[in-house]
Amino acid sequence: MGYKCLLVDDEEEVINAIVRKIDWEGLGYEVPTYAHNGLEALEMAEGDTPDVVMTDIQMPYMDGLEFSRQLRKLCPGVKIIIFSGYDEFEYAKEAIKLEAEEYILKPVNSDELSSLFTRIRESLDKEAEERQSIRKLSRYYAQSLPLLQENFYAELVSGRIPQEHLAEYLLNYQIDLKGPVYDVVLIHTSSTLAPEGLNPVLLGISVRRLAQERLEEKWRGKFFSYQGDTVMIAQMDDSRQVIELTDDCDSFCRLAKIACKAVVTVGLGMVCTDPMDTVHSLEGASQAVSSRAIYGIGKAINIMEIEPEHNNETILDESGKTLSDILRRIRVEDTIDIPLEAGRFIDSYSQDLGTMKLYEFFITDTMSRLYRFAQENHLVIDEIFTENTIGKALPDVEEFKIMLTGILTRMQQMIGDVRSKGQKSFVLKAQEYVAAHYNEEGITIEKICKNLGVSSAYFSTVFKKETGKTFVTYLTDYRMDKAREILMTSDKKTYVIAAEVGFTDPNYFSYVFKRQYGITPSKFRNRGENS
């Protein structure tokens with residue numbers, strides 16, 4: 001599969017000529033997609049990240065330089081080519097600031113373009129080869145953090161560092177872990193989706209290197225390997241920075257897909273103020289990664305957003321099929337075979353209990369853990385533990401299976417309802433905000449998320465899941481519906497209607513309206529009057 005290329009120019013005949021005259025497949029590219037202006041190109045890049053973008057400068061609605069600035073933030077690793085009919089020094093100087101691969105002047109012949117795209121493909125190949133080079137990856141791994149530091153971090157998040165020895169370890173291993181706020185970030189690289197022919201272990205090393213390049217300095221991150229994944233202990237000055245950390249991790253996931261050809265899911269645990277509590281933060285980060293089947297792979301998932309009420313008190317058990325594992329799965333999964341799991345749990349213990357006293361203790365301990373779980377997750381106790389849950393007589397194994405199945409089923413339903421209501425609540429608030437402010441310019445996902453107090457990564461995932469649309473598409477559709485309503489019920493000028501639905505540029509309003517309905521606003525009104 002070749003590299004993805006996006007062409008941006010308001011002159012469609014120029015784009016068609018470029019697409020037609022170049023042997024894209026022979027150069028190592030897919031047939032390019034194209035957009036007519038910067039705004040349209042940004043929407044396309046957000047949905048499907050390109051490897052190379054070639055953009056004109058002079059375009060309506062958003063010029064090529066502003067588009068390149070915003071694209072660089074959205075897709076840090078993209079290669080940008082700027083081509084223009086204007087031989088002006090200021091344009092070339094701005095292109096240099098944007099780290100554009102090339103600034104070329106129109107007209108451009110096919111040989112020159114083919115040569116340029118060949119050089120860029122070679123550059124992309126070289127970058128990928130360098131990241132995936134066994135020799136370089138092995139050398140980097142040998143030169144990474146000293147083994148003693150790595151062991152310390154792994155021991156810390158495992159809860160095996162005594163509180164009284166913490167300061168001594170930090171001093172002896174020359175570790176700066178001053179916080180004052182911490183969050184454990186778990187970086188999981190999919191081995192099943194690894195590029196063909198590349199050892200998954202080496203791919204994980206490549207991803208770790210990239211993560212250190214992008215995240216280590218800003219978040220004073222401490223990196224180490226843990227059970228096959230990469231972990232970072234992020235340090236913050238304020239707990240409110242966790243939203244920014246989540247968005248940075250989400251951006252890193254997109255970059256890893258381009259730079260390393262890796263599918264990476266990042267889980268963020270609960271924020272804490274004591275290094276000793278990173279054990280609970282790692283626990284939450286692991287649960288966040290486990291929930292990728294629900295919230296999607298290749299993105300950042302913050303446990304504080306998907307489980308805001310969770311207080312990190314996790315029941316630990318050494319058995320493979322423990323009650324704590326079942327409860328964790330109920331918390332993060334939509335589906336689980338509760339009768340099967342409850343039966344396995346009880347069978348794994350009851351068959352080894354030699355006396356009725358031990359069996360009674362097993363039942364009492366299990367019910368106590370269930371009760372604590374219900375309290376910790378703010379479930380309605382009376383609805384979970386119904387009047388007939390526990391009788392006076394001690395239930396036998398089969399009766400206890402039925403009892404446990406009923407309790408777990410009610411817990412699953414209640415937690416699902418709480419999660420669904422929480423997600424629908426902020427989606428509804430976002431929709432209400434659009435209804436109240438659609439006529440204002442400058443409505444962005446960032447602005448909405450700031451009001452809601454959630455990261456843009458989590459908001460975008462849940463909003464699309466609940467509405468079937470991205471937020472940008474929903475806002476555009478809402479504005480277009482309002483514009484159509486005004487056109488049908490008034491004789492206001494097009495530029496007046498554009499302003500009333502949040503567009504500062506009447507021409508761009510007409511462009512979006514025609515793209516939406518296949519007809520200009522004036523023709524739409526005339527058609528309505530004639531009918």
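Because the structure is predicted, anything quoted here is derived from the model rather than measured.
Contact annotation: the side chain of Ile443 approaches that of His437 to within less than 4.5 Å [non-hydrogen atoms, C-beta and beyond]. Looking at Thr246 and Cys249, their side chains never come closer than 4.5 Å, going by heavy atoms from C-beta outward. Thr405 is not listed as a side-chain neighbour of Ile407, based on a closest heavy-atom distance of 4.5 Å or more. Between Cys253 and Thr265, the closest side-chain pair of non-hydrogen atoms is not below 4.5 Å. Looking only at side-chain heavy atoms (C-beta outward), Met270 and Met304 come within less than 4.5 Å of each other. By the 4.5 Å heavy-atom criterion applied to side chains, Val434 and Phe471 are counted as neighbours. For the pair Tyr182/Asp277, no side-chain contact is recorded, criterion being any heavy-atom separation below 4.5 Å from C-beta on. For the pair Ile384 and Leu370, the minimum side-chain heavy-atom distance is 4.5 Å or more.
Between the side chain of Arg369 and the backbone N or O of Thr366, no donor-acceptor pair lies under 3.5 Å. One N or O on the side chain of Glu305 and one on the backbone of Ser455 form a donor-acceptor pair closer than 3.5 Å. No donor-acceptor pair under 3.5 Å is formed between the side chain of Arg214 and the backbone N or O of Phe252. Under the 3.5 Å distance criterion, the side-chain polar atoms of Gln241 are matched with a main-chain donor or acceptor of Asp237. Thr33 places no side-chain N or O within donor-acceptor distance of the main-chain N or O of Leu6, the cut-off being under 3.5 Å. For the pair Thr473 (side chain) and Lys469 (backbone), a donor-acceptor distance under 3.5 Å is absent. Distance alone, capped at 3.5 Å, places no donor-acceptor pair between the Asp183 side chain and the Ser281 backbone. The closest donor-acceptor contact from the side chain of Arg72 to the backbone of Val78 lies under 3.5 Å. Under a 3.5 Å cut-off, the side chain of Asp250 and the backbone N or O of Lys299 do not form any donor-acceptor pair. Using modelled atom types, no side-chain atom of Arg160 and backbone atom of Glu155 make a donor-acceptor pair closer than 3.5 Å.
A salt bridge between Lys218 and Glu244 is present, with a side-chain N of the basic residue lying under 4.0 Å from a carboxylate O of the acidic one. Using a cut-off of 4.0 Å between Lys/Arg side-chain N and Asp/Glu carboxylate O, Glu30 and Lys4 are scored as not salt-bridged. Salt-bridge annotation for Glu398 and Lys401: present, with a side-chain N of the basic residue lying under 4.0 Å from a carboxylate O of the acidic one. A salt bridge between Glu446 and Lys450 is absent, with no side-chain N of the basic residue lying under 4.0 Å from a carboxylate O of the acidic one.
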Derivation and outcome, side-chain hydrogen bond (donor to acceptor under 3.5 Å, both in side chains), residues Tyr3 and Asp125: CA-CA 10 Å; Tyr3 293 108; Asp125 289 344; 2.4 Å; yes
Audit row: Thr189, Arg208, side-chain hydrogen bond (donor to acceptor under 3.5 Å, both in side chains) steps and yes/no: CA-CA 9 Å; Thr189 304; Arg208 170 175 166 160; over 6 Å; no
Can you give each donor-acceptor pair under 3.5 Å made by side-chain atoms of residues 226-236, sequence neighbours left out, with the distance rounded to 0.1 Å?
from: Tyr226; atom 1: OH; to: Ser158; atom 2: OG; distance (Å): 3.1
from: Asp229; atom 1: OD1; to: His188; atom 2: ND1; distance (Å): 3.0
from: Gln235; atom 1: OE1; to: Lys178; atom 2: N; distance (Å): 3.0
from: Gln235; atom 1: OE1; to: Gly179; atom 2: N; distance (Å): 2.8
from: Gln235; atom 1: NE2; to: Asp176; atom 2: O; distance (Å): 3.4
from: Gln235; atom 1: NE2; to: Arg220; atom 2: O; distance (Å): 2.9

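To the nearest 0.5 Å, atoms OG (Ser239) and CG (Leu245) are separated by 12.0 Å.
Contact between Leu408 and Ala342 at its shortest, heavy atoms only, is CD1-CB, 4.2 Å. Nearest heavy-atom pair, Gly267 versus Val289, reported as atom, atom and distance to 0.1 Å: N-CG2, 3.5 Å. Shown here for Leu255 and Gly77, the closest heavy-atom pair between the two residues is CD1-N, 3.7 Å.
Residue Glu440 qualifies as enclosed at atom CD: its count of foreign heavy atoms under 6.0 Å is above 12. Heavy-atom contacts from other residues, nucleotides or ligands closer than 6.0 Å to CD of Gln70 number more than 12. By the neighbour-count criterion of 12 heavy atoms within 6.0 Å, atom NZ of Lys261 is densely surrounded, having more than that number from other residues, nucleotides or ligands. Applying the 6.0 Å contact sphere to CZ of Arg240 captures no more than 12 heavy atoms from other residues, nucleotides or ligands.
Note on ring orientation: taking the six-membered ring where Trp is involved, the planes of Tyr371 and Phe385 are tilted (angle from 30° to 60°).
The stretch residues 162-172 participates, sequence neighbours left out, in no side-chain hydrogen bond (donor to acceptor under 3.5 Å, both in side chains) pair at all.
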